[in-house]
Amino acid sequence: ALYSVIEWQTATVSRDSGYSDWSETASFVITNTPPGKPSLIYPTNGARIRGGEPVNLQWLYNSPFDNEPSGFDIRWRDEMGAWRNLHTNGDTNISISHSISGYIYWMVKAYGRYGDEGTWSDQASFYLAGKPATPVITEITNEARPTVTFFANGVAGWMLQIYQDDQPV
């Protein structure tokens with residue numbers, strides 16, 4: 001609700017336990033005091049982040065009414081996926097993990113000290129340079145010109161390290 005009406009009445013009790021009639025009803029209005037949109041701090045603006053490790057999303061709480069948020073909703077997704085929803089109980093950061101390369105989009109919504117719901121932040125994005133899967137060697141020939149055959153999915157290049165007597169050559 002955007003507001004709540006609080007009403008009250010009073011009555012008195014005499015020294016010898018007599019009760020008066022109830023007074024007229026009085027009231028006042030308590031309005032909702034939602035926080036402002038959180039400010040997304042990191043990572044934003046297409047920052048390039050190394051994949052394979054958790055990414056720590058960070059933001060600032062913005063409220064003219066209090067400085068103690070009761071919680072945050074966090075939404076994030078990759079380019080092709082559905083929104084994933086997370087929640088913190090007042091922390092202004094959270095770690096996410098994702099294994100696929102590409103842009104990650106995210107936004108945050110704050111809840112004020114008494115649970116008043118704010119609006120979603122602007123959406124930010126960053127590029128996650130995902131760690132490719134380890135290649136699988138499928139065949140090695142031991143001839144005059146040895147060949148190594150391997151399988152690797154979703155890679156842009158490859159490297160081969162050759163060893164002789166446990167030393168790279």
Side-chain angles (χ1 to χ4, degrees), residues 1-11 22-138 150-161:
L2 294 176
Y3 64 91
S4 295
V5 176
I6 305 298
E7 297 180 324
W8 74 92
Q9 293 178 303
T10 59
W22 286 100
S23 68
E24 297 277 329
T25 300
S27 66
F28 63 91
V29 175
I30 297 177
T31 60
N32 190 0
T33 55
K37 295 191 296 188
S39 298
L40 305 184
I41 301 301
Y42 182 81
T44 61
N45 300 326
R48 196 169 175 83
I49 306 295
R50 183 175 160 184
E53 299 172 11
V55 176
N56 191 33
L57 305 178
Q58 302 170 19
W59 60 90
L60 291 176
Y61 179 61
N62 295 317
S63 176
F65 306 108
D66 63 72
N67 60 2
E68 299 175 27
S70 63
F72 295 95
D73 287 338
I74 301 94
R75 300 178 93 188
W76 71 278
R77 68 177 181 85
D78 61 31
E79 294 173 277
M80 305 301 285
W83 287 105
R84 299 174 190 192
N85 298 303
L86 302 169
H87 183 80
T88 72
N89 291 324
D91 292 334
T92 56
N93 64 79
I94 195 167
S95 290
I96 63 168
S97 294
H98 195 47
S99 60
I100 299 174
S101 294
Y103 280 96
I104 303 293
Y105 301 92
W106 66 290
M107 61 180 127
V108 178
K109 178 171 41 174
Y111 293 85
R113 182 178 192 176
Y114 300 107
D116 298 342
E117 183 176 353
T119 57
W120 285 103
S121 68
D122 295 333
Q123 181 176 278
S125 67
F126 60 94
Y127 187 81
L128 186 64
K131 181 179 176 181
T134 303
V136 176
I137 296 175
T138 56
F150 64 91
F151 174 78
N153 204 1
V155 298
W158 54 272
M159 298 179 293
L160 176 67
Q161 180 66 61

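All values below come from the heavy atoms of this structure, side chains included, with hydrogens, waters and symmetry mates left out.
- The OH atom of Y114 sits 8.5 Å away from the OG1 atom of T33 when rounded to the nearest 0.5 Å.
- With hydrogens and angles disregarded, no donor-acceptor distance shorter than 3.5 Å links the side chain of D91 to the backbone of N93.
- Two residues are said to be in side-chain contact when any heavy atoms from C-beta on lie closer than 4.5 Å; F65 and D116 fail this criterion.
- Between Q58 and N56 the shortest heavy-atom distance is NE2-ND2, 3.3 Å.
- Annotation for L128 and H98: closest pair CD2-O, 3.4 Å, computed over non-hydrogen atoms.
- For S70 (side chain) and G112 (main-chain N/O), a donor-acceptor pair under 3.5 Å exists by modelled atom type.
- The shortest distance between side-chain heavy atoms of I94 and W59 falls below 4.5 Å.
- Counting heavy atoms from C-beta on, the side chains of D73 and Y111 come closer than 4.5 Å.
- The CZ atom of R48 sits 8.0 Å away from the OH atom of Y103 when rounded to the nearest 0.5 Å.
- Here E7 pairs with V5, T25, S27 under the side-chain contact (heavy atoms from CB on, under 4.5 Å) rule; sequence neighbours left out.
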Could you tabulate the donor-acceptor pairs under 3.5 Å formed by side-chain atoms of residues 34-47, not counting sequence neighbours?
| unit_1 | atom_1 | unit_2 | atom_2 | d |
| --- | --- | --- | --- | --- |
| K37 | NZ | D122 | OD1 | 2.9 |
| S39 | OG | N62 | ND2 | 2.8 |

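- The backbone N or O of F72 sits less than 3.5 Å from a side-chain atom of H87, completing a donor-acceptor pair.
- Within the 4.5 Å cutoff, the side chain of I104 has heavy atoms near those of the I96 side chain.
- Among all heavy-atom pairs drawn from P135 and A152, the shortest one is CB-CB, 4.0 Å.
- Residues E24 and Q9 approach most closely at O-CG, 4.1 Å, considering heavy atoms.
- Taking CD1 of I74 as the start and CZ of R84 as the end, the distance is 14.5 Å to the nearest 0.5 Å.
- Surrounding CD1 of I6 are more than 12 heavy atoms belonging to other residues, nucleotides or ligands, all under 6.0 Å away.
- For W83 and Y105, the ring centers are positioned 6.0 Å apart or more.
- A distance of 8.0 Å separates CZ in R75 from NZ in K109, rounded to the nearest 0.5 Å.
- Listed by chain and residue number, S23 satisfy the side chain to side chain donor-acceptor pair (under 3.5 Å) test with T10 (two or more places apart in sequence, or in another chain).
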Could you walk me through whether W106 and L86 satisfy the side-chain contact (heavy atoms from CB on, under 4.5 Å) test, starting with their C-alpha distance in whole Å, then the side-chain angles of each, then the deciding distance to 0.1 Å, before giving a yes or no?
CA-CA 11 Å; W106 66 290; L86 302 169; over 6 Å; no

